[in-house]
Structures are given as structure tokens and as C-alpha cells.
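In listed order, ligands and their atoms are each counted from 1. Everything quoted here is computed from the prediction, not taken from an experiment.
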Amino acid sequence: MNASNPFHATGDEGMALLSAVHLSYAVKGAQLLKDVSLVIRPGENLGVVGPNGSGKSTLLKLLAGIKTPTHGEVLLHGKPLSTLRRRDIARCLAVVEQQAQTSDNLTVQEAVELGRTPWLSALAPWSDVDRDIVDQAMADVNLQRLKDRAWHSLSGGERQRAHIARALAQQPQILLLDEPTNHLDIQQQLLILRRVHCLPVTTVTALHDLNQALACDRLAVLDAGRLVALGLPFDVLTPQRLHTTFGVTGHWLTDPVDGARLLRLRTVSDGAS
Ligand SMILES: Nc1ncnc2c1ncn2[C@@H]1O[C@H](COP(=O)(O)OP(=O)(O)OP(=O)(O)O)[C@@H](O)[C@H]1O
Ligand SMILES: [Mg+2]
């Protein structure tokens, strides 16, 4: 336990779906993530927010097992990720990276079909069930009409939707999404975030748009590699937090259409505090 970390390991990590236990990650002496502990609750939509360089992508890569922590560990169903086979991890957990790569020689459908790989074996070869899952995943992100297109011909937003479809086709219990809407037009942003939140899976999503983050069940706030707040969005995004971590002033407004609360954000120098 580290008394300086208010979100220290709670002792119930063994029961959790996914937990970070005192995670630290350093590269060439630079501490990118510092003693982050976090229990991800089954079924929740957890948002990860923080300024550029605060460690959001690093945390997601550690949770996905793409990077190995310098200290601490990630537990999946109570077992250290480092002791699990990649295939078993992939049956449980799918990730859409911020800069996801896919071979250019594939069609969109072939790229999405890769999501079924962890489920296929000599005893369980490709079947109509897999085809239906892939079709549904493409429909979920409105990609059906592009299914035969060559990957290299897609726009940035279309590629991003195809990466999300590939992750959905993996049928994970946990979906880790690193800025899943950063290339999408506003309609696709709203549709995909709503779709992701309606899925019967646990999600961990790194986001920059704090108003979109309000739709998450809980928010984790990273600042210079540390977890500085964790809780309900309205409890976490206090004026003081917005100022100290994000360097902005924020005021709550009420949407006259549905009464929802929204953040109006300004740079500190705008002087509208
Ligand atoms: N290989 C590396 N060597 C040194 N520093 C690195 C390396 N990889 C990442 N960093 C630094 O680690 C910090 C955290 O990076 P990370 O990508 O996790 O931030 P982020 O919160 O996802 O930022 P963004 O909002 O820009 O996506 C950044 O300052 C980044 O420059
Ligand atoms: Mg990032």
C-alpha cells in the first residue's frame, strides 16, 4: 500500500473483472505512469480523462497487456495478466488503440474478421455464427456498405469505425477504447459512443471531450501519470479539478431541451470565471 495514493489497492481486486494494482511504467528513466490502482467494475463504462501526455494511452496499453508494467500488475479475473496466454486474454479483452494499424492488403470485412481469431481453432473452424457476428459488428458501426472496400481506400474515420467493428467481433467482456471518436464526424461520434455504452460489456474509454465523458458511469482523471480523481463524473469534474488538471475554467449549464447538465469550458485567460 502507498499512503500517497488515495486510490490504493482495496483488497477486492481478486473478485474484479480487471484491476490495476500499483501500476507504474517508466521508459529510459521517465515515469509515464506512477502507482495507479483501479478496480474496474463489471458492466461499468469507465472514462479515462486527462491532458495530453497524462498517461491515458499508457494505462490502456498496460491494462490490455500490450505493455508490461515496470512495477505493479494487472489482474484479469483475479489472475496476473503476465501469467495468461495471449489467446485467453483476447477472448476476454479487446482493445482499439489510438493509432491502430492494420495490413493494407485486406478488405474491410477481412479486417473485421480478424476479430474472430481468438475463437477459432481446429475444433472450432470458421462458421456461419462467426459470419453473423462479423456482419453485426459492421452494422453496429454503419460499415456494411464498405465491407468489400480495400482497407487503404478508407478515410481516417472509416478506418476507426472498422477497428471498433473488429474489436466488437472479438465479443470481449471488456472493451478498451483509446479516443475512439477522434477521427469521427459528430454524428458518428454520438452514434458510436451511444452504441458502445449500450453494449453488454465493460468498457474503459480514453476521451478528451469532457461533455461526452459525462455519459460514463465513472471517470478516472490522470494528471502527469498519476490517478488524481476517480468517481462519478459530476463529483470528479469540479471547478478546482478543471482548473488544476486541465487548466480551464468550467461552468455548469442546463440544457433547456432535456434538463441535462453540460460543461461550458473556457481557457483561464478568457477571464470569465
Ligand atoms: N517511448 C517513450 N519514451 C519517452 N516518453 C514516452 C514514450 N512513450 C510515451 N512517452 C510519453 O509518456 C507520456 C504519456 O503518454 P501517453 O500516450 O500515455 O499520454 P496520453 O494521455 O494518452 O496523451 P494524448 O492525450 O496526447 O493521447 C507523454 O508525455 C509521452 O510523450
Ligand atoms: Mg493517448
Item checked: H183-Q188 side chain donor-acceptor pair, cut-off 3.5 Å -> no
Check: Does a donor on one side chain sit under 3.5 Å from an acceptor on the other, for D178 and S57?
Finding: yes
Next item on the list: Output the rest of the hydrophobic cluster of V112: all Ile, Leu, Val, Met, Phe, Trp and Tyr residues reachable through side-chain heavy-atom contacts under 4.5 Å, sorted by chain and number.
Entry: V96, V108, L120, W126, V134, M138, V141, L143, L146, W151, L154, I164, L168, L175, L177, L184, I192, V196, L199, V201
Next item on the list: Can you run down the salt bridge (Lys or Arg N to Asp or Glu O under 4.0 Å) pairs that involve residues 202-223, sequence neighbours left out, and say none if there aren't any?
Entry: E44-R218
Next item on the list: May I ask you to determine how many protein N/O/S atoms are under 2.8 Å from the Mg ion (ligand 2)?
Entry: 2
Next item on the list: State the CG-CD1 distance between L93 and I174, to the nearest 0.5 angstrom.
Entry: 5.0 Å
Notebook entry, point to check: CG of D128: more than 12 outside heavy atoms within 6.0 angstrom?
Noted result: no
Check: Is the number of heavy atoms from other residues, nucleotides or ligands within 6.0 Å of NE2 (H71) greater than 12?
Finding: no
Checklist line | L230/L219 under side-chain contact (heavy atoms from CB on, under 4.5 Å): CA gap, chis, key distance, verdict | finding: CA-CA 6 Å; L230 175 67; L219 292 182; over 6 Å; no
Next item on the list: For ligand 1, would you mind listing the residues that have at least one heavy atom less than 4.0 Å away, ordered by chain and number?
Entry: V27, L32, P51, N52, G53, S54, G55, K56, S57, T58, Q98, E179, H208
Next item on the list: May I ask you to decide whether E113 forms a salt bridge with R166, counting only side-chain N to carboxylate O separations under 4.0 Å?
Entry: no
